[in-house]
Amino acid sequence: MYIRSSGCSSPISATSEKRLEAVQQTRSNNVSFEQTKEKIRKMLDKVELSVSAYDTSWVAMVPSPSSSQNAPLFPQCVKWLLENQHEDGSWGLDNHDRQSLKKDVLSSTLVSILALKKWGAGERQINKGLQFIELNSASVSDETIQKPAGFDIIFPGMIEYARDLNLVIPLGSEIVDAMILKRDLDLRSERFSKGREAYLAYVLEGTRKLKDWNLIVKYQRKNGSLFDSPATTAAAFTQFGNDGCLRYLCSLLQRFEAAVPTVYPSDQYARLSIIDTLESLGIDRDFKHEIKSLLDETYRYWLRGDEEICLDLTTCALAFRLLLAHGYDVSYDPLKPFAEESGFSDTLEGYLKDSFSVLELFKAAQSYPHESALKKQCSWTKQYLEMELSNWLKTSVRDKCLKKEVEDALGFPSYASLERLDHRRKLLNGCAGENTRVTKTSYRLHNICSSDILKIAVDDFNFCQSIHREEMEHLDRWIVENRLQELRFARQKLAYCYFSGAATLFSPELSDARISWAKGGVLTTVVDDFFDVGGSKEELENLIHLVEKWDLNGVPEYRSEHVEIIFSVLRDTILETGDKAFTYQGRTVTHHIVKIWLDLLKSMLREAEWSSNKSTPSLEDYMKNAYISFALGPIILPATYLIGPPLSEKTVDSHQYNQLYKLVSTMGRLLNDIQGFKRESKEGKLNAVSLHMKQERDSRSKDEIIESMKGLAERKREELHKLVLEKGSVVPRECKEVFLKMSKVLNLFYRKDDGFTSHNLMNVVKSVIYEPITLQDESLT
């Protein structure tokens with residue numbers, strides 16, 4: 001909690017606070033808004049899984065041991081199949097009109113027919129189902145349609161089982177013979193791998209030829225299931241009569257009564273996915289308590305190595321990423337087998353070439369970049385996904401939403417992507433409402449990306465954006481009122497300066513921090529240009545003297561109108577920020593903000609003197625000065641006072657606090673000098689690249705030097721990330737995150753060129769501040 005003092009709030013801060021209070025009151029009075037939030041809270045509490053006609057059919061075929069195999073053990077499943085056939089004769093998810101899921105629907109329909117035929121039930125439903133298969137028979141051999149996992153083994157296996165039941169499936173003999181031949185060749189293959197061995201056990205219902213229980217039992221989990229798959233487990237019990245399998249199947253029907261899901265349990269994955277969705281859309285702050293409670297539970301599962309997390313690769317990677325991001329002390333050990341691609345290939349997911357799992361491994365690797373094993377994991381997963389993308393371009397039908405996710409993950413790496421841009425992209429790419437997954441059959445996680453989540457996310461984005469526009473209007477007036485537009489030598493960068501804060505510190509309650517961040521950015525740009533081209537030596541020294549003296553009672557002596565304009569706005573801004581900070585910190589911090597500015601001005605003067613004297617500093621001296629002259633101090637450091645948590649003087653003076661500042665500033669300086677090398681060389685400015693070239697003794701080329709500096713910048717970024725994640729810190733996590741957010745801003749700005757100096761990012765800026773999101777009605781249904 002932070003301390004509020006009603007007596008020292010500036011007019012701007014007071015206005016901001018009143019507006020936020022009004023906002024909270026308005027939202028509380030908005031019945032629809034509160035009802036929607038309550039529905040989302042219930043989603044977090046209770047996981048909804050779609051039922052699977054495919055798995056229910058295999059469970060329905062399990063014979064009762066006490067009836068000489070002549071009656072179903074779970075007759076309620078047979079009854080459910082009779083009552084849940086679609087109008088067109090099919091079984092499966094009700095969105096099967098999507099061409100990409102047609103093979104899945106055919107598979108679910110065929111196995112449902114087999115279950116009914118086995119028990120002599122539903123002749124009408126069977127005939128209707130056979131008609132559906134006949135009408136859609138061309139889809140069986142259409143290679144452009146996505147195949148469920150194991151389709152090439154399971155589907156021909158079901159056709160053979162139909163023959164055993166004297167049931168003719170209306171598929172052309174050529175299609176059937178080709179499928180069976182392909183299946184037989186695959187099964188007779190002498191290729192061996194751990195992944196293939198797991199796969200053959202996973203598709204047990206399709207093979208019916210694995211006679212050795214010892215080949216199967218290694219995949220049995222503590223709950224009695226095989227791979228948490230009802231279909232595989234039902235097939236195993238039917239063939240081997242294992243008590244553990246029976247125990248699992250009975251527990252399923254106790255919970256789901258008549259129809260089962262395709263994966264169970266999957267509560268952990270579903271809940272973590274909801275949290276990930278809320279965060280990826282920027283609305284997690286409304287559910288902090290619920291998220292904390294769920295992650296505490298996940299952490300307990302993690303510590304005891306629970307199978308639901310540790311044996312499912314996707315869940316494990318997602319849990320690692322979220323727990324780490326929220327400050328839990330998690331070990332990388334469960335993911336160590338996947339540091340190399342060979343470890344992934346040895347898994348069921350690897351054999352199935354599951355891109356979704358690889359994507360989660362890639363994201364997990366990016367979340368902890370300084371761990372050597374995770375660097376390897378990041379490298380191979382990136383290459384794997386890039387290869388998958390090239391294949392996607394050559395096929396006509398694949399999971400388009402997964403493709404977009406992969407494109408975004410590769411095109412916008414986490415270290416160079418700003419939260420509000422991520423939120424906007426997620427909402428507009430057409431896949432935010434996609435919650436369908438495909439394993440052996442398709443299923444939905446109803447809680448993920450429901451229309452309620454999408455609606456509240458769009459409303460929140462546009463609401464925050466309206467506040468951002470108000471703040472931009474205030475800043476535009478501030479520039480005019482302080483005559484900054486009269487400084488012709490100064491670059492006008494308000495849009496970029498405000499955008500970098502609004503895209504990271506976007507929530508309404510961080511208004512004071514955003515305003516401070518933006519004003520700091522504008523003023524450091526003005527001062528940088530003043531020291532570079534706009535001011536004489538006397539003017540520069542005059543400005544430094546005025547700040548150093550900091551006499552608020554006397555009459556300042558200005559050497560020029562430019563000095564008067566700059567010092568006046570500096571003084572007023574420092575005092576305003578100091579007043580605001582007092583309301584958060586309960587102590588005076590103005591003296592620290594003055595020192596931040598004074599350090600910056602002196603560092604800029606030193607560079608100006610090097611330039612005017614045409615002297616060349618050593619690279620070491622240059623970097624000692626340059627990380628300060630890069631001018632992040634007045635942007636980041638005052639903002640940390642306005643985030644919320646208290647920062648004592650001891651904390652601000654600590655090595656860790658100053659190391660955070662030094663790391664992000666050094667990284668930024670290196671990135672700036674790499675991208676600005678050509679321009680600054682023409683202008684005769686000092687630059688780390690040019691100094692390297694002058695002082696380098698091993699005759700490396702310019703390109704080699706630049707690559708070396710890029711590597712150094714990356715190491716500084718990784719050190720910063722490690723420091724932010726470090727436990728037992730004297731600096732509050734929320735404040736450390738501010739430095740990490742600035743790191744992302746810098747990597748975005750300087751990723752391809754000097755983005756701050758150019759105008760290439762203006763469309764991105766406009767999208768965050770000025771362009772509301774509108775979704776088609778069907779996106780919200």
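Note: hydrogens, waters and symmetry copies are ignored here, and every other heavy atom, side chains too, is used.
A salt bridge does not link E349 to K353: none of the charged nitrogens lies less than 4.0 Å from a carboxylate oxygen. E48 has no carboxylate O lying under 4.0 Å from a charged side-chain N of R444, or vice versa, which leaves the two without a salt bridge. Using a 4.0 Å cut-off between charged nitrogen and carboxylate oxygen, E714 and K375 do not count as a salt-bridge pair. Classification of R300 and D296 as a salt-bridged pair fails, no side-chain N sitting under 4.0 Å from a carboxylate O. Ion pairing between D228 and R221 holds under the 4.0 Å rule for side-chain N and carboxylate O. For the pair D142 and K103, the salt-bridge criterion is not met [side-chain N within less than 4.0 Å of a carboxylate O]. The pair D267-R255 counts as a salt bridge, with a side-chain nitrogen and a carboxylate oxygen less than 4.0 angstrom apart. A salt bridge between R733 and E737 is present, with a side-chain N of the basic residue lying under 4.0 Å from a carboxylate O of the acidic one. Looking at E360 and R321, a side-chain N of the basic residue comes within less than 4.0 Å of a carboxylate O on the acidic one, giving a salt bridge. By the 4.0 Å N-to-carboxylate-O rule, K336 lies close enough to D333 to be salt-bridged with it.
For the pair P334 and W302, the tightest heavy-atom approach, listed with the atom from each and the gap, is CG-CZ2, 3.6 Å. The heavy-atom pair separating H326 from I291 by the smallest distance is CE1-CG2, 4.0 Å. Contact detail for N747 and R717: the closest heavy-atom pair is ND2-CD, 3.6 Å. Counting all heavy atoms, side chain and backbone alike, M179 lies closest to F155 at CE-CD2, 3.6 Å.
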For this session: Would you please test L427 and L281 for side chain to side chain contact (heavy atoms under 4.5 Å, CB included) and show each step?
Result: CA-CA 7 Å; L427 283 167; L281 297 175; 3.8 Å; yes
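Side-chain polar atoms of S357 and T314 form a donor-acceptor pair below 3.5 angstrom. Between T347 and K194, the side chains place no donor N or O within less than 3.5 Å of an acceptor N or O (distance only, hydrogens not considered). For the 3.5 Å distance criterion, the side chains of T298 and Q268 qualify, holding a donor opposite an acceptor. E307 and N223 share no donor-acceptor pair across their side chains, judged by distance under 3.5 Å alone. Remark: the Y219 side chain and the E197 side chain contain an N/O donor-acceptor pair separated by less than 3.5 Å. Judged purely by distance below 3.5 Å, without hydrogens or angles, the side chains of Q377 and E341 never pair a donor atom with an acceptor atom. Judged by distance alone, the side chains of Y443 and R437 never bring a donor and an acceptor atom under 3.5 Å apart. Side-chain contact check for E388 and S355: at least one donor-acceptor pair (N or O, by modelled atom type) lies under 3.5 Å.
Below 30°, between 30° and 60°, or above 60°: for F344 and Y384 the angle between ring planes is above 60°, a perpendicular geometry. Between Y264 and F256, the ring planes lie perpendicular to each other; the angle is over 60°, past the 30° to 60° tilted range.
Between the CE atom in M667 and the CG atom in L720 there is a gap of 7.0 Å [rounded to 0.5 Å].
R196 forms no cation-pi arrangement with Y351, by the criterion of a distance under 6.0 Å to the ring centre and an angle within 45° of the ring axis.
Within the 4.5 Å cutoff, no side-chain heavy atoms of S280 are placed close to those of D422.
The side-chain hydrogen bond (donor to acceptor under 3.5 Å, both in side chains) with S417 is formed by just one residue from the set K744, R751, R425; it is R425.
Qualifying salt bridge (Lys or Arg N to Asp or Glu O under 4.0 Å) partners for E371, counting only residues two or more places apart in sequence or in other chains: none.
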